Every structure is written in structure tokens, then in C-alpha cells.
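What you are looking at is a predicted structure, and each value in this text was computed from that prediction instead of being measured. Just so you know, residue 1 is the first one in the sequence shown, and it goes up from there.
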Amino acid sequence: QVQLVESGGGLVQAGGSLRLSCAASGRTLSSNAMGWFRQAPGKEREFVAAVNWSGVGTIYADSVKGRFTISRDNAKNMVFLQMNSLKPEDTAVYYCAVAPVSGATMEGYDYWGQGTQVTVSS
């Protein structure tokens with residue numbers, strides 16, 4: 001059993017930045033891949049970014065590549081999503097999730113947080 005809690009969401013203007021944090025119970029981040037997904041109103045949940053157990057291997061959705069950076073601190077059981085150059089289309093609820101291995105599909109993830117709202121105004 002793993003528990004995840006996201007934080008750091010909020011309201012920002014286009015072009016601004018936010019850093020999302022995800023705190024995991026136990027030693028989850030030291031042995032599992034972590035990912036971020038997002039879901040906008042009326043749309044399906046979509047992959048944003050993922051990082052493997054070591055923090056070296058990362059993957060990003062094309063829509064956020066070059067703007068978002070995923071990182072992790074295994075000693076603190078935390079994963080982060082630094083979001084720069086935010087666009088209105090980034091507005092969504094962002095979810096942190098845990099997977100045995102890094103991947104870009106929802107079915108690969110076993111545990112999910114409750115989400116944190118990110119709103120980007122134009």
C-alpha cells in the first residue's frame with residue numbers, strides 16, 4: 001500500500017512557472033518509477049512525464065517537452081514537476097502516480113494521488 005499527496009498547484013499567468021511536489025509513503029521513490037499525469041475538464045487523463053527509479057531516465061509528452069522537468073529525491077520519497085513557460089492549455093488537475101517501471105500509459109501505474117489543480121490564465 002502506497003499513499004501519494006500532491007501539492008504546489010495554483011493560479012498563474014501564461015508564461016509563469018509552478019513546481020508541483022508529490023510526497024510518497026514509505027520508500028516508494030527509492031525503488032519505483034514515478035509519473036505525472038493531468039486531466040482537463042471534459043478530456044481524458046493524459047501522460048505528462050515520468051522518471052525511472054534512479055532519476056536518470058526521463059520521458060516527456062511532446063506537449064510539455066522543453067518546458068517541464070521531472071525530478072526525484074529518493075531520500076525524501078518525493079518527486080517534483082517543474083513547470084515553466086506555462087500555457088493556458090496546461091490547465092488541468094495534475095496527478096502523481098507510482099509504477100514498477102517507467103512508462104507513459106495509465107495502466108502501468110499502481111497508485112495515484114488525489115491531484116492538485118493548476119490553472120493558467122491568458
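Smallest separation of non-hydrogen atoms from A92 and A40: CB-N, 3.8 Å. For the residue pair G108 and A99, the shortest heavy atom distance occurs at O-CB, 3.2 Å.
Hydrophobic clustering, defined by side-chain heavy atoms of Ile, Leu, Val, Met, Phe, Trp and Tyr closer than 4.5 Å, leaves L11 isolated from every other such residue.
Checked by atom type and distance alone, the side chain of N52 pairs as donor or acceptor with a backbone atom of G57 at under 3.5 Å.
Sorted by first then second residue, the salt bridge (Lys or Arg N to Asp or Glu O under 4.0 Å) pairs that include residues 48-63, not counting sequence neighbours, are D62-K65. Note on residues 43-78: no pairs pass disulfide (SG to SG under 2.5 Å), not counting sequence neighbours. For residues 90-122, the set of pairs meeting the disulfide (SG to SG under 2.5 Å) definition, not counting sequence neighbours, comprises C22-C96. Screening residues 32-92 for disulfide (SG to SG under 2.5 Å) gives no qualifying pairs among residues at least two apart or on separate chains. Residue pairs meeting the salt bridge (Lys or Arg N to Asp or Glu O under 4.0 Å) criterion with at least one partner in residues 43-56, sequence neighbours excluded, are R38-E46.
Here Y95 contributes atom OH and L20 contributes atom CG; the two are 13.0 Å apart, rounded to the nearest 0.5 Å. Going from atom CG of D73 over to atom CE of M78 covers 8.0 Å, rounded to the nearest 0.5 Å. Atom-to-atom distance recorded for S7:OG and Q114:CD is 13.5 Å, nearest 0.5 angstrom. Atom OG of S63 and atom CG of D90 lie 7.0 Å apart (nearest 0.5 Å). Summarising the geometry, atom OH belonging to Y111 is positioned 9.5 Å from atom CG belonging to L4; distances are rounded to the nearest 0.5 Å.
At a threshold of 4.5 Å between non-hydrogen side-chain atoms, the residues Y94 and M83 count as touching. With a 4.5 Å cut-off on side-chain heavy atoms, V98 and N32 count as touching. F80 places none of its side-chain heavy atoms less than 4.5 Å from the side chain of I70.
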Check residues 115-122 and write down every donor-acceptor pair under 3.5 Å in which the side-chain atom is one partner and the other belongs to a residue at least two apart or another chain.
{"unit_1": "T116", "atom_1": "OG1", "unit_2": "G9", "atom_2": "N", "d": "3.2"}
{"unit_1": "Q117", "atom_1": "OE1", "unit_2": "T119", "atom_2": "OG1", "d": "3.4"}
{"unit_1": "S121", "atom_1": "OG", "unit_2": "V12", "atom_2": "O", "d": "3.4"}

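Partners of T105 by side-chain hydrogen bond (donor to acceptor under 3.5 Å, both in side chains), not counting sequence neighbours: none found. Judged as a side-chain hydrogen bond (donor to acceptor under 3.5 Å, both in side chains), and not counting sequence neighbours, S71 has no contacts. In terms of the side-chain hydrogen bond (donor to acceptor under 3.5 Å, both in side chains) criterion, residue partners of N84 (sequence neighbours excluded) are, by chain and number, S17, Q82. Listed by chain and residue number, F47, Y109, W112 satisfy the ring pair (Phe, Tyr, Trp, His ring centres under 6.0 Å) test with F37 (two or more places apart in sequence, or in another chain). Residues passing the side-chain hydrogen bond (donor to acceptor under 3.5 Å, both in side chains) test with E89, sequence neighbours excluded: none.
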I'd like to know whether L81 forms a side-chain contact (heavy atoms from CB on, under 4.5 Å) with F68, so could you lay out the CA-CA distance, the side-chain angles of the two residues, the decisive distance to 0.1 Å, and finally the verdict. CA-CA 7 Å; L81 185 68; F68 291 10; 4.1 Å; yes
